[in-house]
Amino acid sequence: MAGIKRRLMIPLSTTLLIFVALVRESVAAVDGQGFIYTGFGGTDITVAGLAAVEPNGLLQLTNGMVQLKGQAFHPSRLRFHDPNSVNGTAVRSFSASFVFAIRSIAPGVSAHGLTFFVSPTNNLTSAFSNQFLGLFSKRNNGNASNHIFAVEFDTVQSNDLLDMNDNHVGIDVNGLVSIKASSAGYYDDANGTFYNLTLASFEAMHAWVDYDGINKEIAVTLAPLGLARPRRPLLKITYDLSPVLMDQSYVGFSSSTGILESRHYVLGWSFGMDRPAPAIDVTKLPKLPRLGPEPQSKLLVTVLPIATGILVLAIVSLAIVLRRRQLRYAELREDWEVEFGPQRFSFKDLFKATEGFKEKHLLGIGGFGRVYKGCSGSPRRRSR
Ligand SMILES: *[C@@H]1O[C@H](CO)[C@@H](O)[C@H](O)[C@H]1NC(C)=O
Ligand SMILES: *[C@@H]1O[C@H](CO)[C@@H](O)[C@H](O)[C@H]1NC(C)=O
Ligand SMILES: *[C@@H]1O[C@H](CO)[C@@H](O)[C@H](O)[C@H]1NC(C)=O
Ligand SMILES: *[C@@H]1O[C@H](CO)[C@@H](O)[C@H](O)[C@H]1NC(C)=O
Ligand SMILES: *[C@@H]1O[C@H](CO)[C@@H](O)[C@H](O)[C@H]1NC(C)=O
């Protein structure tokens with residue numbers, strides 16, 4: 001008996017475990033080593049400043065208000081130091097994958113961008129809401145005591161920050177003067193051709209940030225949403241993050257609006273410590289809001305032209321019928337008639353009285369032509 005019970009118990013508990021894992025996966029699977037957000041609805045993501053989670057699960061970092069900033073953090077800090085390393089402070093390999101979109105007043109128009117960052121603090125209230133992207137201020141920019149690593153997706157060329165152009169991706173350590181930067185784009189897998197991407201195009205883009213703790217290598221890869229991750233990264237640099245990152249650090253996103261109306265969105269995000277970031281199911285991500293005015297309902301869009309067509313057709317047909325009737329009963333008035341005035345019968349009346357000049361009303365054929373008998377009133381009334 002005990003044997004049967006045990007055999008029954010095992011599949012049941014396995015099923016329960018799988019079930020729990022599935023439930024957690026759909027919200028934000030967190031196991032201390034990584035997480036995944038397929039949209040942010042119902043998650044406990046921490047937001048600050050303008051940042052908010054939209055009803056459809058979209059994480060909106062900024063909402064179009066100018067000179068403001070927004071940030072979002074994974075709620076708990078992660079452990080970046082490997083306790084088993086020689087000195088106990090070597091930064092572990094980590095990997096992030098996220099989908100974002102930047103909307104400016106018009107595609108490609110320079111507005112401030114956003115960053116993905118690792119920071120010992122989640123209090124960024126002193127950060128500026130201009131070219132410092134809601135992450136740093138003029139006072140602390142470049143200071144080694146920040147212990148911040150970031151990747152900027154910058155859509156403004158700021159000369160103070162030595163930016164290369166107004167559409168670039170940069171690797172930042174403790175400040176926004178990048179240690180390496182590249183114009184936004186990706187390398188085609190087949191032949192290595194470089195394709196430009198416009199960050200502030202309001203097109204969703206997929207980015208990957210990887211740190212290899214063994215070889216001390218940082219790599220950043222960008223692609224249009226839906227394209228498989230390009231093999232060749234956009235940016236790659238050998239850099240030891242061990243002296244930069246504190247053991248316990250937050251990971252998150254920041255952005256600022258500056259003087260132009262702009263909006264910054266994150267659609268999904270995954271993170272892996274000592275392992276690749278879990279793959280994001282891009283088909284399940286929340287949709288970006290529509291550009292421009294709300295469209296008419298689908299019903300209206302399809303029904304309205306058809307209804308208009310039918311109405312026009314009806315009016316034209318009616319006009320043709322009326323015209324035909326008019327021609328059928330057309331009167332020929334001759335000059336002599338004017339003298340006799342009201343004594344005439346209209347052709348229409350004659351037509352009716354003789355039921356369309358039917359043979360049965362024909363009395364005879366004489367010098368004036370055919371002579372018909374006519375009855376006033378409609379033939380139908382007469383037949384009653
Ligand atoms: C600790 O060791 C790692 C390599 O294992 C190195 O990258 C890091 O810089 C070292 N930290 C210090 C403070 O020496
Ligand atoms: C955040 O930092 C500011 C100074 O930059 C400080 O005034 C404020 O009290 C801090 N807020 C929290 C919740 O620690
Ligand atoms: C860097 O920040 C620390 C702590 O806020 C401060 O004491 C120091 O003066 C700053 N260094 C510079 C060069 O501003
Ligand atoms: C590279 O391959 C793409 C298709 O993957 C093609 O459209 C493009 O023309 C190629 N470029 C060159 C320089 O061969
Ligand atoms: C790509 O962007 C760079 C930098 O803005 C520019 O110099 C280059 O002409 C662009 N290439 C294409 C094909 O648009």
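Just follow the structure's listing: the first ligand is 1, and inside any ligand the first atom is 1.
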- Query: What do you reckon, are the aromatic ring centroids of F117 and F253 less than 6.0 Å apart?
  - Reply: no
- Item | Distance filter under 4.0 Å to D188 heavy atoms, resulting ligand 4 atoms | 2 (O), 5 (O)
- Task: Output the list of atoms in ligand 3 that are nearer than 4.0 Å to some heavy atom of S145, sorted by atom number.
- Result: 1 (C), 2 (O), 3 (C), 4 (C)
- Report yes or no: does N141 contribute a side-chain atom to a donor-acceptor pair with the main-chain N or O of K138 at less than 3.5 Å? no
- Check whether any protein heavy atom sits under 4.0 Å from atom 5 (O) of ligand 2. yes
- Under 4.0 Å from a heavy atom of T125: give me the atoms of ligand 2 that qualify, with their elements. 1 (C), 2 (O), 3 (C), 5 (O)
- Has F194 got any heavy atom lying under 4.0 angstrom from an atom of ligand 4? no
- In ligand 4, the atoms that come under 4.0 Å of a heavy atom of Y195 are 3 (C), 6 (C), 7 (O), 8 (C)
- Go through the side-chain N and O atoms of S254 and T115 and say whether any donor and acceptor fall under 3.5 Å apart. yes
- Query: Does some non-hydrogen atom of the protein lie less than 4.0 angstrom from atom 9 (O) of ligand 4?
  - Reply: no
- Contact check: N143 vs ligand 3, nitrogen or oxygen atoms, below 3.5 angstrom: yes
- Using a strict cut-off of less than 4.0 Å between a Lys/Arg side-chain nitrogen and an Asp/Glu carboxylate oxygen, indicate whether R79 and D247 qualify as a salt bridge. yes
- Query: Name the one of Y211, Y239, F94 that satisfies side-chain contact (heavy atoms from CB on, under 4.5 Å) with F149?
  - Reply: F94
- Message: To check your reading of the model: name the closest protein heavy atom to atom 11 (N) of ligand 4, its residue, and the distance in Å.
- Response: N191 ND2, 2.9 Å
- Note on the structure: atom 13 (C) of ligand 4: closest protein heavy atom, distance to 0.1 Å, is T193 OG1, 3.7 Å
- Query: Quick one: are the ring centres of W269 and F35 less than 6.0 Å apart?
  - Reply: yes
- Task: Say whether, by atom type as modelled, one donor and one acceptor occur between the side chain of T198 and the main chain of S201 under 3.5 angstrom.
- Result: no
- Note on the structure: Under 4.0 Å from one or more heavy atoms of N123, ligand 2 contributes atoms 1 (C), 2 (O), 3 (C), 8 (C), 10 (C), 11 (N), 12 (C), 14 (O)
- Item | Distance-only donor-acceptor check, side chains E152 and H168, under 3.5 Å | yes
